[in-house]
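Remember, it's a predicted structure, so these values are computed and weren't measured experimentally.
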Amino acid sequence: QVQLLESGGGLVQAGGSLRLSCAATGGTFSNYPMAWFRQAPGKEREFVAGISRSGVVKKYADSRQGRFTISRDNAKNTVYLQMNSLKPEDTAVYYCAGAGTVVLGSRPDEYDFWGQGTQVTVSS
């Protein structure tokens, strides 16, 4: 069973940057498309960015493209999310997720395993 562990969250001022990491154990990491989602209080979980198994194909939610960059290192079994020019509305718990199929989806129900989440708080 694949286990995911996020790190790198924290408190940052508006305009600042954070880099989230998600380390995977169990399974064969390079077999899984990976993604980042986020969930703010009282809101549904939403897609942030996704990356194909090889890392060649990347998908972003429209509002995050240009500020956020997803990447992966299959040798380290880790996926990253670089977040720049952060805004208070980016405040949320950020979750790493992996899919048991080859499809790089953008819906939570397309992903099979999840991390516990890491809190990102952006102050104004």
### Query
Going through the checks in order, is the side chain to side chain contact (heavy atoms under 4.5 Å, CB included) test met by Met83 and Leu20?
CA-CA 8 Å; Met83 304 186 294; Leu20 305 183; 3.8 Å; yes
Within the 4.5 Å heavy-atom criterion, are [X] and [Y] side-chain neighbours or not?
{"X": "Arg38", "Y": "Asp90", "answer": "yes"}
{"X": "Gln13", "Y": "Ser123", "answer": "yes"}
{"X": "Gln82", "Y": "Asn84", "answer": "yes"}

Hey, what do you get for [atom1] ([X]) to [atom2] ([Y]), rounding to the nearest 0.5 Å?
{"X": "Cys96", "Y": "Gln116", "atom1": "SG", "atom2": "CD", "result": "9.5 Å"}
{"X": "Leu86", "Y": "Phe68", "atom1": "CG", "atom2": "CZ", "result": "5.5 Å"}
{"X": "Thr25", "Y": "Gln1", "atom1": "OG1", "atom2": "CD", "result": "10.0 Å"}
{"X": "Phe29", "Y": "Thr78", "atom1": "CZ", "atom2": "OG1", "result": "6.5 Å"}

Looking only at heavy atoms, what is the nearest atom pair of [X] and [Y], with distance?
{"X": "Leu81", "Y": "Ala49", "result": "CD1-CB, 4.2 Å"}
{"X": "Gly8", "Y": "Leu18", "result": "O-CD2, 3.8 Å"}
{"X": "Gly26", "Y": "Val2", "result": "O-CG2, 3.6 Å"}
{"X": "Ala35", "Y": "Ile70", "result": "CA-CD1, 4.4 Å"}
{"X": "Pro88", "Y": "Ala14", "result": "CD-CB, 4.1 Å"}

Indicate yes or no for a side-chain donor-acceptor contact from [X] to the backbone of [Y] under 3.5 Å, with no hydrogens or angles considered.
{"X": "Lys59", "Y": "Leu104", "value": "yes"}
{"X": "Glu6", "Y": "Gly117", "value": "yes"}
{"X": "Thr121", "Y": "Thr91", "value": "no"}
{"X": "Arg67", "Y": "Ser85", "value": "yes"}
{"X": "Asn77", "Y": "Gly27", "value": "no"}
{"X": "Tyr111", "Y": "Gly105", "value": "yes"}
{"X": "Arg45", "Y": "Tyr95", "value": "no"}

### Task
Establish whether Phe47 and Tyr80 are linked, either directly or via other cluster members, by ILVMFWY side-chain heavy-atom contacts under 4.5 Å.
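Each belongs to a different hydrophobic cluster.
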### Query
Do you reckon Val79 sits in the same ILVMFWY cluster as Val103, going by side-chain contacts under 4.5 Å, direct or chained?
no
### Query
Is the number of heavy atoms from other residues, nucleotides or ligands under 6.0 Å of Glu89 CD greater than 12?
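Atom CD in Glu89 is packed in, count exceeds 12.
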### Task
List in chain and number order the residues that pass ring pair (Phe, Tyr, Trp, His ring centres under 6.0 Å) with Tyr94, two or more places apart in sequence or in another chain; answer none if no residue qualifies.
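By the ring pair (Phe, Tyr, Trp, His ring centres under 6.0 Å) rule, Tyr94 matches no residue at all.
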### Parallel, tilted or perpendicular: rings of Trp114 and Phe37 (30°, 60°)
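Tilted: the ring planes of Phe37 and Trp114 meet at 30° to 60°.
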### Query
What's the verdict on side chain to side chain contact (heavy atoms under 4.5 Å, CB included) for Leu4 and Met34, showing C-alpha distance, side-chain angles and the deciding distance?
CA-CA 11 Å; Leu4 303 176; Met34 299 295 296; 4.0 Å; yes
